[in-house]
Each structure stands twice: as structure tokens, then as C-alpha cells.
Amino acid sequence: DAGITQSPRHKVTETGTPVTLRCHQTENHRYMYWYRQDPGHGLRLIHYSYGVKDTDKGEVSDGYSVSRSKTEDFLLTLESATSSQTSVYFCAYWGGGYTFGSGTRLTVV
Amino acid sequence: AQSVTQLGSHVSVSEGALVLLRCNYSSSVPPYLFWYVQYPNQGLQLLLKYTTGATLVKGINGFEAEFKKSETSFHLTKPSAHMSDAAEYFCAVSVPDSNYQLIWGAGTKLIIKP
């Protein structure tokens, strides 16, 4: 699994509920990223982290927050899920290139 | 600002034929360049990358790409297509001084005809 896992793999949630997606890496890499992938929009950066407790916004950060309390874990929270956040979410770390997790398919109903 | 253009959202080739996927970029400084492949319902996997040095880069699965600075291109090729190459391919370029953020192309879906 290239040392990076995402959980859950699939989730269905209701509009207005908070949702947290988890990304876990075992490689001790400093830089981590959250993307969403949607047809017609390609890959869009949501947030990224450059160290423990160091995070910054990407191009589509509205409605999302992140936390990184340990090097190995990078959490993405949808504060109040909306249907427009239905997407496939990928996390990645930088190790001379990006290594991606297998993704989380989130459906907001 | 950096940008990446992939020519053709879909490319169709016959099995055994040459694969050519085009990528052009704009960058104010010499970039790092990447090609990734995504199979259905999977994450993206690094095919190859250019950072410095030799401009012809070999990757996995028989793919290679050539960095041409004068043409600001990084086209992906494979001499002979295989059915298993059917996937979506993404070109990406690094953003200087950005904590290794990448700018992504829109992707090209490679279709292999038997």
C-alpha cells in the first residue's frame, strides 16, 4: 500500500453532518496533501501540511478543515457536509514525488 | 503562474501501436515534471519524473518521457500499447517555493483498441 492508507474507503452521510476522513502514513514524511477529484475538474488541492500543526489552505478549502497532531496522521473534516462535497478524496505525501492513498468515495445525501 | 496543458481528453490507439500523450507546461523556473497513471477506482501512481539531469526519463511499464525546455513540453510515450495501459494519465509540474505543491493537467484517458 506504499505506506499510506485512507479511511473509510466509502462513506454516505447526510447533509449538515460533520465528517472526518483519515489519512495515515508510515513513512515519516513531512509534507502531506488532501485533494478532491471530480469529473471535469480534475484534481483540486483542499489543504496541505508541512509539518505537525503546520497547515495551509489550497484552492478549494471553503467548508473544510484539517488537523495534523502527529506526523503520521492528517485528518480532513467537512464541518457541515453539503451535496457539493460529494467527491472522491485523495491524500498524498511528498517523498520526491507524490504517493497517493487509495481514496475515499464520499456521498452526501 | 504555472499551468499544465494536456492535449486531448481522450486518446485512442490500437494495441501494439505507439502511445503519445502530450503535456505542455508554463513555468518561470526549471520545474520538476511528473506523469501519473490512474486505473479505475484506484489512486494515482507515479509513472516517472524529471527533476534534473538526463532529459529522457524512463518509468514503469515501458513508458518514457522527454523534457524539452525549448518547447516547454514533457510528452509521454510508449512504443507498443498493451490493453493493460488503458487508464487515465495526468501530467503535473511543481510550483517553486510552495512546499512541493503541484499543478495538474486535466488528464488524458487512454483507450486501447484490440
Side-chain angles (χ1 to χ4, degrees), chain A residues 1-7 9-10 21 23-25 27 29-61 66 68 74 87-106, chain B residues 1-10 21 23-25 31-53 57-61 63 65 67 74 76 87-109:
Chain A
D1 64 357
I4 184 167
T5 55
Q6 293 184 235
S7 59
R9 291 296 312 275
H10 302 271
L21 309 183
C23 181
H24 178 78
Q25 56 122 338
E27 307 292 320
H29 290 288
R30 178 181 173 189
Y31 299 92
M32 297 185 73
Y33 310 83
W34 274 108
Y35 281 91
R36 59 179 290 175
Q37 186 177 33
D38 305 286
H41 292 276
L43 283 160
R44 292 183 290 175
L45 182 65
I46 305 170
H47 282 277
Y48 66 96
S49 171
Y50 48 97
V52 173
K53 298 192 190 314
D54 290 323
T55 65
D56 206 348
K57 297 178 180 180
E59 64 178 298
V60 290
S61 59
V66 290
R68 189 142 178 232
F74 191 31
S87 185
V88 180
Y89 292 86
F90 289 102
C91 72
Y93 65 73
W94 170 267
Y98 282 8
T99 298
F100 284 87
S102 298
T104 294
R105 186 173 295 273
L106 177 69
Chain B
Q2 267 88 354
S3 66
V4 177
T5 301
Q6 291 184 238
L7 189 62
S9 59
H10 293 76
L21 303 182
C23 174
N24 287 89
Y25 69 91
Y32 294 176
L33 296 158
F34 305 85
W35 275 100
Y36 285 83
V37 60
Q38 185 178 31
Y39 299 101
N41 300 313
Q42 294 187 26
L44 285 80
Q45 179 184 6
L46 181 65
L47 264 182
L48 49 80
K49 64 180 179 181
Y50 170 80
T51 53
T52 59
V57 180
K58 295 187 185 300
I60 62 172
N61 301 338
F63 284 93
F67 169 54
F74 192 56
L76 182 70
E88 191 159 19
Y89 293 79
F90 293 90
C91 181
V93 61
S94 60
V95 180
D97 303 319
S98 70
N99 294 311
Y100 301 108
Q101 290 182 62
L102 299 182
I103 300 296
W104 295 87
T108 297
K109 194 159 288 188

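Remark: side-chain polar atoms of E59(A) are not paired, donor with acceptor, to backbone N or O of R44(A) under 3.5 angstrom. Side chain of Q25(A) to main chain of F74(A): no donor-acceptor pair is present (N/O by atom type, distance under 3.5 Å, no hydrogens or angles).
With rounding to the nearest 0.5 Å, the separation of NZ in K109(B) from NE2 in H10(B) is 5.0 Å. Summarising the geometry, atom OG belonging to S94(B) is positioned 7.0 Å from atom CD belonging to Q2(B); distances are rounded to the nearest 0.5 Å. How far CD1 of I46(A) is from OG of S87(A): 7.0 Å, rounded to the nearest 0.5 Å. Separating the CD1 atom in I4(A) from the SG atom in C23(A) is a distance of 3.5 Å, to the nearest 0.5 Å. How far CG of L45(A) is from CG of L102(B): 9.5 Å, rounded to the nearest 0.5 Å.
Close approach to chain B, defined as a heavy atom under 4.5 Å from one of its heavy atoms, is seen in Y31(A), Y33(A), Y35(A), Q37(A) of residues 30-39 of chain A, taken by number. Contacts of residues 47-58 of chain A with chain B at a heavy-atom distance below 4.5 Å involve Y48(A), Y50(A), listed in sequence order.
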Checking L46(B) against T99(A) for the side-chain contact (heavy atoms from CB on, under 4.5 Å) test, could you report, in this order, the C-alpha distance in whole Å, the side-chain angles of both residues, the deciding distance, and whether it holds?
CA-CA 7 Å; L46(B) 181 65; T99(A) 298; over 6 Å; no

side-chain contact (heavy atoms from CB on, under 4.5 Å) for H24(A) and S7(A)? Distances and angles first, verdict last.
CA-CA 8 Å; H24(A) 178 78; S7(A) 59; over 6 Å; no

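With a 4.5 Å cut-off on non-hydrogen atoms, Q6(B) does not touch chain A at all. Only the side chain of F34(B) has a heavy atom closer than 4.5 Å to any heavy atom of chain A. In this structure, the portions of Q101(B) lying under 4.5 Å from any heavy atom of chain A include both its backbone and its side chain. When heavy atoms are compared at a cutoff of 4.5 Å, R105(A) approaches chain B solely by way of its side chain, counted from C-beta outward.
Using a 30° and 60° split on the angle between ring planes, F63(B) and Y89(B) fall in the tilted class, from 30° to 60°.
Per-residue heavy-atom pair counts under 4.5 Å with chain A were compared for Y100(B), W104(B), Y32(B), F90(B), and the maximum is reached by Y100(B).
Just one residue in the list L47(B), L48(B), L44(B) forms a side chain to side chain contact (heavy atoms under 4.5 Å, CB included) with Y36(B), and that residue is L44(B).
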